[in-house]
Amino acid sequence: MRLEDYWGVGPKTSALLTDQLDDEQAIEAIESANVSALVDAGVSRGRATRILRRAAGADAMEKLATSDTRAVYDKILNLASASALTAGAADRIRVLTPLPDQTAATDRLNLVSRATKAWNRLEADDRDDLIEVFERYDASGETDQEAVGVTATLREIGFDGRHFPVLEGIDAGSLEEAAGALGAVREVDGDVTVTGGADDQLDQLREQLADARSMENDAFDIIDTVRDGSIRDLDTFQRSVIDHIATETEIPTNTIRRAAAEEAVDAADFVSGTLRELVADLESQETDQEESVASRLQSEIAAAGDDVETAVQAVPDLAFALSLGRFASRHELTRPSFVEDGIAVRQARNLFLSGDVQPVSYAVGQHDITNSRPDSIPSGDRVAVVTGANSGGKTTLLETLCSVAVMASMGLPVPAADAEVSWVDRVVFHRRHASFNAGVLESTLRSVVPPLVDSGRTLMLVDEFEAITEPGRAADLLNGLVDLTVQHQSLGAFVTHLAEDLAPLPDEARIDGIFAEGLTSDLELRVDYQPRYGTIGKSTPEFIVSRLVANADRRVVRQGFEELAGTVGEEAVQRTLSDVQWNGDDWQPRDTHKSFRSGGPVSAQDRRRLVCPSYGTHIVESSRIPRVATAWFRLTGTSYPTATLE
């Protein structure tokens, strides 16, 4: 196979890889999904990832049938790779693709389940230790020594074959010794060297040798230092030189005497000859000791035998598995069950939302999940039409179902308390697009219809189809998509505001609704994101009009919104304003109060809390006093009562 036969490898990329790697090395990097090798050769990480995804699972990537589905897939892998313990594990996560069949997905789920349980059982200190050894392994360039250190740490904190089969029978003690030995002995071009710190005696000999070499370079300085007026014969001078060398270095006196130049003819000859012999003697001792230490270290490595080789080969796989376990633990993911024909979730969360997220329960198709809410999740309907309030979470619901389906297809746990997922051939997720023209309609139909009518089963998740064409025709097209989904034994959830305009739906379809429930104390729309099954959702415009009335900052604008209130139900608007709970801290009146006619001028310093006796005790934030009070009294048609301001 040629380089350019791989998806995404054109002439420029091929030339770049060939320049940095030969063809064989480049092909091996692609086949082994080695992102780092391609990046080091000059390919951008994003492009390298896309090339390797296609190389690893070109057919499986066809399951991600639309660009919106692929966008969800990308977000999942970006989130998962953020939990990676090593750079290599992150690269492996980024090139994960949907798996070819349910058996492969089950195998990976087994792996991730074991890894998640292993990660969850760790104490905080053990997790920190494990993260630290993986970081050292990463920083070292994945050396054998650090690989053995990782494996030894895993064994020390209690992991064994029950958690990861590769750890079965590995002796932590021998691995620790081997790790130290691997770090101390190096073999380069057949020459074996021992690093510092491996043996005290070797370190001492190396220091003595360095001192002796330094003094050999300064032989004439030694003569000047030792010689003085009291030394009149050569014997005394020689003894003084030996004492001086011993004093200035850590070299034993006996070693220096053994090296003394006995046949020296004068002082200079004695000093240079003694130092030359001393250096040679210490070099011989250092070589002998290094060979002895290297032999001992290599014996320790050999004693660990297969454990070392196993550790070196296993650590990348262990890092990958534990990274996925860490991801699952961080996001409280649950293993899904594979079922024949449906997708169902209980207490599901959207992975891409932050803050306080309301979990929802939902399903299409057959399932056996029991909901904790009073109303059970319907089972048997192949298609659901989702209706309800703007900003009600309808698109988020579709994205959540898409995430669950894609993650299950990759053998990953999903963000739900319980989940049942059938194996589908394609996931069609189509977000609402705000363009309104024939080109957008045509491209949308081209992206959603062919996957639906091809052989196999499709999961259809389509958002507000009416946004790209005339509402009347959109209802007809949506009816057609629902009918096609049922006819082709597929599953689907379609978001629309046109539920009342749809023709009678097939028996296998139902309509669900998301409802707005009121306003918050900040006059924001409050929505119950949990769909109510079998009913059309309402966006309840009285809540919107109530907010507009309360927030109007000019009298003429407020009067316009008050007139509009009559069209959506004046009583509903009045009730909505009354129901808003302005309940800050417990309010206690002070000794002195000010009175004013609501709607009249209130100075900035007086805008604090207002008590309006005519409709109960409501404490209103200061900035809302003129608007809220005026709106209420106008809508009720009462005279302006006296209100007290704290």
Side-chain angles (χ1 to χ4, degrees), residues 1 3-10 13-14 16-17 20-21 24-67 69-101 103-112 115 134 137-138 142 313-328 331 333 351-352 402-403 405-414 427:
M1 190 170 184
L3 265 178
E4 292 186 30
D5 291 336
Y6 289 96
W7 182 94
V9 181
T13 303
S14 177
L16 180 64
L17 291 173
Q20 299 297 319
L21 308 166
E24 184 178 344
Q25 290 174 325
I27 290 173
E28 182 182 353
I30 293 173
E31 290 292 336
S32 62
N34 190 338
V35 176
S36 297
L38 299 189
V39 171
D40 291 343
V43 181
S44 70
R45 185 171 295 277
R47 185 169 186 80
T49 298
R50 291 191 294 273
I51 290 170
L52 296 183
R53 285 174 180 172
R54 289 284 180 172
D59 293 338
M61 289 295 288
E62 298 303 318
K63 178 172 288 192
L64 313 175
T66 63
S67 60
T69 308
R70 292 188 289 275
V72 169
Y73 161 79
D74 284 334
K75 289 198 291 185
I76 291 167
L77 294 187
N78 287 337
L79 199 62
S81 63
S83 294
L85 293 164
T86 66
D91 285 340
R92 286 182 64 175
I93 290 171
R94 291 190 190 100
V95 299
L96 289 178
T97 65
L99 292 163
D101 52 51
T103 300
T106 300
D107 289 342
R108 181 172 289 159
L109 281 168
N110 291 338
L111 171 71
V112 179
F134 272 119
Y137 170 76
D138 226 11
E142 302 183 357
Q313 294 177 352
V315 165
D317 292 336
L318 291 169
F320 171 70
L322 281 167
S323 296
L324 291 178
R326 186 186 188 195
F327 166 59
H331 297 280
L333 306 181
L351 276 176
F352 317 124
C402 179
S403 300
V406 170
M407 293 175 78
S409 76
M410 291 192 289
L412 298 178
V414 301
V427 179

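Numbering of residues begins at 1 and proceeds along the displayed sequence. FYI, side chains are in, hydrogens and waters are out, and symmetry mates aren't considered; it's all heavy atoms of this structure.
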Testing Val72, Leu77, Leu96, Val414 for side-chain contact (heavy atoms from CB on, under 4.5 Å) with Met407, which one passes?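 So the option named by the test is Val414.
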
Measure the [atom1]-[atom2] distance between [X] and [Y] for me, rounded to the nearest 0.5 Å.
X	Y	atom1	atom2	answer
Leu351	Ile76	CG	CD1	7.0 Å
Leu79	Lys75	CG	NZ	10.0 Å
Ser409	Asp101	OG	CG	11.5 Å

For Ser83, give me all partners under side-chain contact (heavy atoms from CB on, under 4.5 Å), at least two apart in sequence or on another chain.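 For Ser83 the side-chain contact (heavy atoms from CB on, under 4.5 Å) partners, ignoring immediate neighbours, are Arg326, Phe327, Arg330.
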
Heavy-atom pair with the smallest gap, counting every atom of [X] and [Y]:
X	Y	value
Ile93	Ala80	CG2-CB, 3.7 Å
Ala48	Val43	N-CG1, 3.7 Å
Leu109	Pro413	CD2-N, 3.7 Å
Asp138	Gly88	OD1-N, 4.4 Å
Gln20	Ala41	CG-O, 3.2 Å
Ser323	Ala89	OG-CB, 3.6 Å

[Y] side chain reached by [X] side chain, heavy atoms, under 4.5 Å:
X	Y	value
Leu99	Lys63	no
Thr86	Phe320	no
Tyr137	Leu85	no
Val406	Thr69	yes
Val427	Tyr73	no
Asn110	Thr106	yes

Residues Ser403, Phe352; criterion side chain to side chain contact (heavy atoms under 4.5 Å, CB included); working and verdict: CA-CA 10 Å; Ser403 300; Phe352 317 124; 3.5 Å; yes

Go through the steps to decide whether Thr97 and Leu64 satisfy the test side chain to side chain contact (heavy atoms under 4.5 Å, CB included), and finish with yes or no. CA-CA 10 Å; Thr97 65; Leu64 313 175; over 6 Å; no

Salt-bridged, Asp74 to Arg50, with N to O below 4.0 Å? no

With sequence neighbours excluded, tell me which residues meet side chain to side chain donor-acceptor pair (under 3.5 Å) with Asp107. none

Using the side chain to side chain donor-acceptor pair (under 3.5 Å) criterion, which residues pair with Thr49? Sequence neighbours excluded.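 Residues passing side chain to side chain donor-acceptor pair (under 3.5 Å) with Thr49: none at all.
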
Pair Leu52-Arg92, side chain to side chain contact (heavy atoms under 4.5 Å, CB included): steps then yes or no: CA-CA 10 Å; Leu52 296 183; Arg92 286 182 64 175; over 6 Å; no

Yes or no on side chain to side chain contact (heavy atoms under 4.5 Å, CB included) for Leu17 and Gln25, after CA distance, side-chain angles and deciding distance? CA-CA 9 Å; Leu17 291 173; Gln25 290 174 325; over 6 Å; no

Hey, is the main chain of Met410 close enough, under 3.5 Å, to the side chain of Arg108 for a donor-acceptor pair? yes

